[in-house]
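Each chain gets a letter, A, B and so on, in the order the sequences are listed, and its residues count up from 1.
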Number of protein chains: 2
Amino acid sequence: MGNNRVSKTKNIGVEPPSSTAEIGELDTILGLHIRRVHGAVQRHFGEHFGELGLTQKQISVLWLVGNHPGIAQTDIAQKLDMDRATAMTLVHALEKRGLMCRTPSESDRRRIAFELTLQGEALLAQAKAAITEHEAWLTGRFTAHELKQLRTLLARIYR
Amino acid sequence: MGNNRVSKTKNIGVEPPSSTAEIGELDTILGLHIRRVHGAVQRHFGEHFGELGLTQKQISVLWLVGNHPGIAQTDIAQKLDMDRATAMTLVHALEKRGLMCRTPSESDRRRIAFELTLQGEALLAQAKAAITEHEAWLTGRFTAHELKQLRTLLARIYR
DNA sequence: TATTGTTATACTCTATAACTATA
DNA sequence: TATAGTTATAGAGTATAACAATA
């Protein structure tokens, strides 16, 4: 098994590290561009703001809860394009760290209202500073006009 | 613990599902746009082409190896912006499924040359068709000019 | 010393399915 | 029946650290 090779013996070990980017047809694929960009952004944030102890995803949850005290898990999931169970994981971790707390709703006892704790507010403030810096790195390469274009074009993909 | 709430009792359970998108300042963050777009693309591919049994990442590895028979893991990693260990995981899984095979290089015995198997070639052909369809869904919402703009702007982030 | 492949390990994000309580 | 939260489970992707073989 594993021996039904398709092109017998060409270029064995002769692949020159091929300078930089030249992936052939692959280069045409917009989806690949998007994944690479996503990866680059993710990587930059982790490398520069990892000490914060929060991922971008976690920050967006804290941010959202900070803007909407009393919000429920379902709404968090819906607003950030997540599954209910995925939101649970996020929320639970943040709760366990004492950054958010819960109060059962009285009008609808199925729902649970979430708010930031004082600690959560404090860390969110730091996180916002980090995000601001990170955004400067990300957006600094564009003019205001290009930035507007980019936002408009990207928004058309998921809205 | 968990009782040091910050805003005593406002909006408990009164959060109206808030129609659609309105995340406040969060909406300004380009990084968030990128993550949402990435998620949407990922989701669409999985939902429509999951039966193929290949992820977009796996396809890009097969595609790359197909274009560069004899390529080594390090080069795959470098060309697709991955860690060596991450590439290992990908490559190993594809190998185990009989889609790629290896031949130790003779000129440099540290390197291993990878090629697609016949099975790999066949599946890649199917995958390319899927990607083409997926790309049509993705790019169909843009004019040719917008598409060029978008590609140019995105490329500026990781190049 | 540097590079290639490897293994072990770990964490984040994601989702599905099934369950409980409530509406 | 439908919704909110929960739990168990799984898989993809990512990375770090340490090791062996080779250059």
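Residue order along DNA chain D, read from the 5' end via each residue's closest nucleotide, puts A:Glu95 first among A:Arg35 and A:Glu95. A residue-by-residue look at A:Val91 and A:Glu47 shows that A:Val91 has its nearest nucleotide of DNA chain D further toward the 5' end. Both A:Arg109 and A:Gln58 lie close to DNA chain C; mapped to their nearest nucleotides by heavy-atom distance, the more 5′-ward contact belongs to A:Gln58.
Side-chain atoms of A:Met82 lie closest to C:dT14 of the nucleotides C:dT14, C:dT7, C:dA23. For B:Arg111, counting side-chain heavy atoms from C-beta on, the closest listed nucleotide (D:dG13, D:dT6, C:dT4) is C:dT4. Distances were taken from every side-chain heavy atom of B:Met88 (C-beta onward) to each of D:dG5, D:dA15, C:dT6; the shortest belongs to C:dT6. The side chain of A:Arg84 lies closest to C:dA18 when the candidates are C:dA18, D:dT14, C:dT6. Relative to the side chain of A:Ala85, the nucleotides C:dG5, C:dT16, C:dT22 differ in distance, and C:dT16 lies closest. Taking the side chain of A:Asp83 as heavy atoms from C-beta on, and the options C:dA15, C:dT7, D:dA15, the nearest nucleotide is C:dA15. Out of D:dT14, D:dT22, D:dT6, the shortest distance to the side chain of B:Asp108 is found at D:dT22.
As rounded to whole Å, 15 Å separates atom C1' of C:dC13 from atom CG of B:Leu32. For the pair A:Arg97 CZ and C:dT12 C1', the interatomic distance rounds to 13 Å; values are reported in whole Å. As a whole-Å value, the separation of A:Lys57 NZ from D:dA12 P is 19 Å. Distance A:Arg102 CZ to D:dA4 P: 15 Å, rounded to the nearest Å. Whole-Å rounding puts the A:His48 NE2 to D:dA15 C1' distance at 16 Å. At whole-Å resolution of the value, CD1 in A:Ile76 and P in D:dA4 are 13 Å apart. Counting to the nearest Å, the C1' atom of C:dA21 and the CD1 atom of A:Ile112 are 11 Å from each other. The CZ-P distance, from A:Phe45 to C:dC11, rounds to 18 Å in whole Å.
Looking at residues two or more places apart in sequence or on another chain, you find no ring pair (Phe, Tyr, Trp, His ring centres under 6.0 Å) involving B:His33.
Here A:Arg110 does not reach the OP1 or OP2 of D:dT3: none of its side-chain N or O atoms lies under 4.0 Å away. Between A:Arg43 and D:dA15 there is a side-chain N or O to OP1 or OP2 distance below 4.0 Å. OP1 or OP2 of D:dG13 has at least one side-chain nitrogen or oxygen of B:Thr55 nearer than 4.0 Å. Phosphate proximity of D:dT3 to A:Gln73: absent, as no side-chain N or O sits under 4.0 Å from OP1 or OP2. The phosphate of C:dC13 has neither OP1 nor OP2 within less than 4.0 Å of any side-chain N or O from A:Thr86. An OP1 or OP2 oxygen of D:dA12 is reached within less than 4.0 angstrom by no side-chain nitrogen or oxygen of B:Gln56. Phosphate contact (OP1/OP2 of D:dG13, side-chain N/O of B:Thr89, threshold under 4.0 Å): absent.
Between A:His134 and A:His48, the ring center distance fails the sub-6.0 Å criterion.
Note that OG1 of A:Thr86 and CG of A:Leu90 are 8.0 Å apart. Values are rounded to the nearest 0.5 Å.
Looking at A:Asp75, A:Asn67, A:Thr74 one by one, the single match for side-chain contact (heavy atoms from CB on, under 4.5 Å) with A:Ile71 turns out to be A:Asp75.
Shown here for B:Leu26 and A:Leu64, the closest heavy-atom pair between the two residues is CD1-N, 4.1 Å. The two atoms that bring B:Leu116 and B:Gly66 nearest to each other are CD1-CA, 3.6 Å, heavy atoms only.
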